[in-house]
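Worksheet for the structure shown next.
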Amino acid sequence: MPAGDRIADVDAVPDDSTLLVTVADRESDEEREVVLVRTGDGVAAWFNYCQHWRDVNLDTGDGAAIRDDELVCKRHGATFESDSGECTFGPCEGAVLDELPVEIADGTVFLDDDGYGFVRVGASESGEDDDIHRSTESRIGF
Ligand code: FES
């Protein structure tokens, strides 16, 4: 059994969208939103912000679009490979989404990072999610 917290059943992660979950930094208690996506052989977890404008969420609560195994940012249409997180098209082409390590065991997704604990399935309720990323100063390009 993995040491990290249980997040969700693999079956809860849709094939054509994302499952939004909230985790918390164990030291600061800061909540962070993460999107779980299906990959060819499992599930990957990416922090819930675009690499173009980091104050833009990929999943705003209703699931991000997945097209041809790529996660799509609704704002300007950047696409990110579900398994590697690399942007293959759009204004941040070549950038890579920030990953939260997870592992799969017995059809279940577990955290694989001692620094975070699972909080809930769904959006952060603290209103503090990703404050460090929300500044428009973190925007690149147009
Ligand atoms: S904010 Fe995501 S593509 Fe521009």
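In listed order, ligands and their atoms are each counted from 1.
If you look at H52 next to ligand 1, the close heavy atoms, those under 4.0 Å, all belong to the side chain.
Distances below 4.0 Å separate heavy atoms of R75 from the following atoms of ligand 1: 1 (S). Ligand 1 places these atoms under 4.0 Å from at least one heavy atom of A78: 3 (S). Counting the atoms of ligand 1 from 1 in the order shown, those under 4.0 Å from a heavy atom of W53 are 1 (S).
A salt bridge links D62 and K74; the closest N-O separation between the charged side-chain nitrogens and carboxylate oxygens is under 4.0 Å.
For a distance bound of 2.8 Å, the N, O or S atoms of C73 include one lying that close to atom 2 (Fe) of ligand 1.
Of all N/O/S atoms in H76, ND1 sits nearest atom 4 (Fe) of ligand 1.
Heavy-atom contacts from other residues, nucleotides or ligands closer than 6.0 Å to CG of D114 number 12 or fewer.
One N or O on the side chain of D5 and one on the backbone of F118 form a donor-acceptor pair closer than 3.5 Å.
Hydrophobic clustering keeps V119 apart from L111 (ILVMFWY residues linked when any side-chain heavy atoms are closer than 4.5 Å, directly or through intermediates).
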For T88 and E81, what are the C-alpha separation, side-chain angles and deciding distance, and is it a side-chain hydrogen bond (donor to acceptor under 3.5 Å, both in side chains)?
-> CA-CA 7 Å; T88 59; E81 290 181 339; 5.7 Å; no
